Novice: 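Starting off with a structure, shown below.
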Amino acid sequence: MGHEYVEMKNTPAAIDAYRRAVDINPRDYRAWYGLGQAYEMMHMPFYALHYFRKSVFLQPNDSRLWIAMAQCYETEQLHLLEEAIKCYRRAANCNDSEAIALNQLAKLHHALGRDEEAAFYYKKDLERMEAEEREGPNMVEALIFLATHCRAHNRFEDAEVYCTRLLDYTGPEKETAKSMLRGMRMAQSSFPAMDVEHFPP
């Protein structure tokens, strides 16, 4: 019943219905999760987090619950990104069927200036998308990040592979890839060959 109220954006009625469900069965993780969602809709992340924690305690292998907690930690009011990362990691380890956790882990690590970790998660996300034969904005985002990251670390062959894949797209990412490829080719060709005779014996 509470879910219908959430769908209709009738938050007070949803909270009332979920509270009754919890009174009837305190081990119903869906009711606790519903309370968390309702408070999240009301922009009350502290309350939402409290209820999400109760739901994840009862159902620790549900990636959706970990993702909900992570998103709560990411809100402007809390902005606890390290805690969000922990939750997304748990979600990724719980077979995240909605494929949210890996992309979010990559974004958060990048936002925190941890580009090696970001590259790790973008690569894992890319591998998962390839295995599931999924395309979309997350694929483009991962390819651009990985191409840029590899180029910055002078791993030109890897960067070229990612850029070449971006050439299959029609948006601005295609021009970005062309520009990066040109830049790498110029950089590689401008390295002078080492002249051993100029070094002292």
Side-chain angles (χ1 to χ4, degrees), residues 61-76 78-201:
N61 295 322
D62 191 330
S63 63
R64 296 168 305 166
L65 306 180
W66 288 108
I67 288 169
M69 274 181 60
Q71 289 170 340
C72 241
Y73 281 124
E74 282 184 277
T75 59
E76 223 174 88
L78 296 180
H79 201 69
L80 296 169
L81 301 185
E82 292 298 336
E83 294 301 315
I85 285 172
K86 289 176 192 171
C87 291
Y88 282 126
R89 273 198 200 119
R90 289 292 299 263
N93 292 334
C94 292
N95 192 21
D96 171 24
S97 58
E98 295 170 7
I100 294 170
L102 291 174
N103 183 263
Q104 288 302 115
L105 280 165
K107 284 180 180 177
L108 284 173
H109 279 294
H110 180 55
L112 293 170
R114 300 181 197 146
D115 285 351
E116 282 303 319
E117 288 93 337
F120 172 79
Y121 286 110
Y122 272 124
K123 196 164 177 12
K124 279 185 82 163
D125 196 27
L126 189 62
E127 288 166 1
R128 180 179 178 156
M129 287 184 276
E130 288 165 347
E132 295 173 1
E133 297 180 359
R134 282 190 296 116
E135 293 282 325
N138 286 0
M139 174 82 78
V140 172
E141 180 185 336
L143 288 169
I144 288 174
F145 180 88
L146 289 167
T148 307
H149 181 73
C150 290
R151 183 188 65 182
H153 290 84
N154 295 327
R155 294 194 341 248
F156 294 123
E157 283 181 32
D158 292 338
E160 228 174 278
V161 170
Y162 295 124
C163 284
T164 305
R165 289 183 61 186
L166 283 165
L167 294 176
D168 295 336
Y169 292 88
T170 56
E173 57 274 2
K174 183 174 185 171
E175 293 308 312
T176 302
K178 282 182 183 178
S179 172
M180 286 174 74
L181 284 167
R182 273 193 301 271
M184 285 187 290
R185 288 192 183 118
M186 283 172 48
Q188 285 173 313
S189 66
S190 69
F191 284 124
M194 275 222 255
D195 190 351
V196 194
E197 294 174 331
H198 287 88
F199 289 102

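This one's a predicted model, so the numbers in the text were calculated from it and none came from an experiment. Sequential numbering from 1 along the given sequence is applied to the chain's residues.
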Novice: Would you say that M139 contacts R165 through its side chain, given a criterion of any heavy-atom pair below 4.5 Å between the two side chains?
Specialist: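 In short, these two side chains touch, coming nearer than 4.5 Å.
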
Novice: What's the separation between atom CD in E130 and atom CG in D125, rounded to the nearest 0.5 Å?
Specialist: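 Atom-to-atom, E130:CD and D125:CG are 10.0 Å apart.
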
Novice: Is there a salt bridge (charged side-chain N to carboxylate O under 4.0 Å, His left out) between K107 and E74? Walk through the geometry before answering.
Specialist: CA-CA 12 Å; K107 284 180 180 177; E74 282 184 277; over 6 Å; no

Novice: Any sub-3.5 Å donor-acceptor pair from S179's side-chain atoms to E175's backbone N or O?
Specialist: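 No; zero donor-acceptor contacts below 3.5 Å.
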
Novice: Please check if atom CD in E116 has more than 12 non-hydrogen atoms from other residues, nucleotides or ligands closer than 6.0 Å.
Specialist: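 Yes - once you tally the heavy atoms of other residues, nucleotides and ligands closer than 6.0 Å, there are more than 12.
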
Novice: Going by heavy atoms in the side chains, are M180 and I144 under 4.5 Å from each other?
Specialist: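 M180 does not reach I144 side chain to side chain.
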
Novice: Between N93 and R89 (side chain of the first, backbone of the second, donor and acceptor by atom type, cut-off under 3.5 Å), is there such a pair?
Specialist: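 Yes: the side chain of N93 pairs with the backbone of R89.
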
Novice: Compute whether any side-chain donor of one residue and acceptor of the other, for D115 and H110, lie under 3.5 angstrom apart.
Specialist: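 Looking only at side-chain atoms, H110 and D115 do form a donor-acceptor pair, the distance falling under 3.5 Å.
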
Novice: Calculate, to the nearest 0.5 Å, the distance between atoms CG and CD belonging to L108 and E117 respectively.
Specialist: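 It comes to 12.0 Å.
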
Novice: Could you tell me whether the side chain of L81 reaches within less than 4.5 Å of the side chain of Y73, counting heavy atoms only?
Specialist: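 Sidechains of L81 and Y73: no contact.
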
Novice: Grab the two heavy atoms, one from C150 and one from Y162, that are nearest each other, plus how far apart they are.
Specialist: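 For C150 and Y162, the tightest heavy-atom pair comes out as SG-CE1, 3.8 Å.
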
Novice: In plain terms, say whether K124 and E127 are close enough for a salt bridge, that is, a side-chain N and a carboxylate O under 4.0 Å apart.
Specialist: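 Judged by the 4.0 Å cut-off on N to carboxylate O distance, K124 and E127 do not form a salt bridge.
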
Novice: To the nearest 0.5 Å, what is the distance between CG (L181) and OG1 (T164)?
Specialist: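 One gets 5.5 Å once the value is rounded to the nearest 0.5 Å.
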
Novice: Distance from M129 atom CE to N103 atom CG, nearest 0.5 Å?
Specialist: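 Reported value, rounded in 0.5 Å steps: 7.0 Å.
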
Novice: Are any of the side-chain heavy atoms of T176 and L166 separated by less than 4.5 Å?
Specialist: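 No, side chains not in contact.
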
Novice: State the CD-SG distance between Q71 and C87, to the nearest 0.5 angstrom.
Specialist: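 It is 10.5 Å, given to the nearest 0.5 Å.
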
Novice: Do you see a donor-acceptor pair shorter than 3.5 Å between the side chains of Y122 and E141?
Specialist: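 Yes, side-chain donor-acceptor contact under 3.5 Å.
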
Novice: Can you name the nearest heavy-atom pair linking A118 to H109, along with the distance?
Specialist: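 Distance-wise, the nearest heavy atoms are N-CB, 3.7 Å.
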
Novice: Taking the side chain as every heavy atom from C-beta outward, state whether E160 and R185 have any atom pair closer than 4.5 Å.
Specialist: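 Result yes, sub-4.5 Å side-chain heavy-atom pair found.
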
Novice: Do the rings of H153 and H149 sit parallel, tilted or perpendicular, given the 30° and 60° boundaries?
Specialist: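 Ring orientation of H153 relative to H149: tilted.
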
Novice: Kindly indicate, with the supporting measurements, whether the criterion side-chain contact (heavy atoms from CB on, under 4.5 Å) is fulfilled by I85 and R114.
Specialist: CA-CA 12 Å; I85 285 172; R114 300 181 197 146; 3.7 Å; yes

Novice: What heavy-atom pair brings Y169 and K174 nearest, and what distance separates the two atoms?
Specialist: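 Scanning both residues completely, I find the closest heavy atoms to be O-CD, 3.1 Å.
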
Novice: Closest approach of C72 and L78, non-hydrogen atoms and distance?
Specialist: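 That closest heavy-atom pairing would be O-CD1, 3.2 Å.
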
Novice: Mark yes when over 12 heavy atoms from residues, nucleotides or ligands other than E76 sit less than 6.0 Å from its CD; otherwise mark no.
Specialist: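 Check fails, neighbour count at 12 or below.
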
Novice: Counting only N and O atoms by type, is there a donor-acceptor contact under 3.5 Å from the side chain of D96 to the main-chain atoms of A101?
Specialist: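 Side chain of D96 to backbone of A101, a donor-acceptor pair under 3.5 Å: yes, one is there.
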
Novice: Determine whether more than 12 heavy atoms belonging to other residues, nucleotides or ligands lie under 6.0 Å from atom CZ of R128.
Specialist: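 Result for CZ/R128: enclosed.
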
Novice: Should M184 and C163 count as side-chain neighbours, where that means a heavy-atom distance under 4.5 Å?
Specialist: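 Yes. Closest side-chain heavy atoms under 4.5 Å.
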
Novice: Any side-chain heavy atom of K123 within less than 4.5 Å of one from F145?
Specialist: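 They are not in side-chain contact.
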
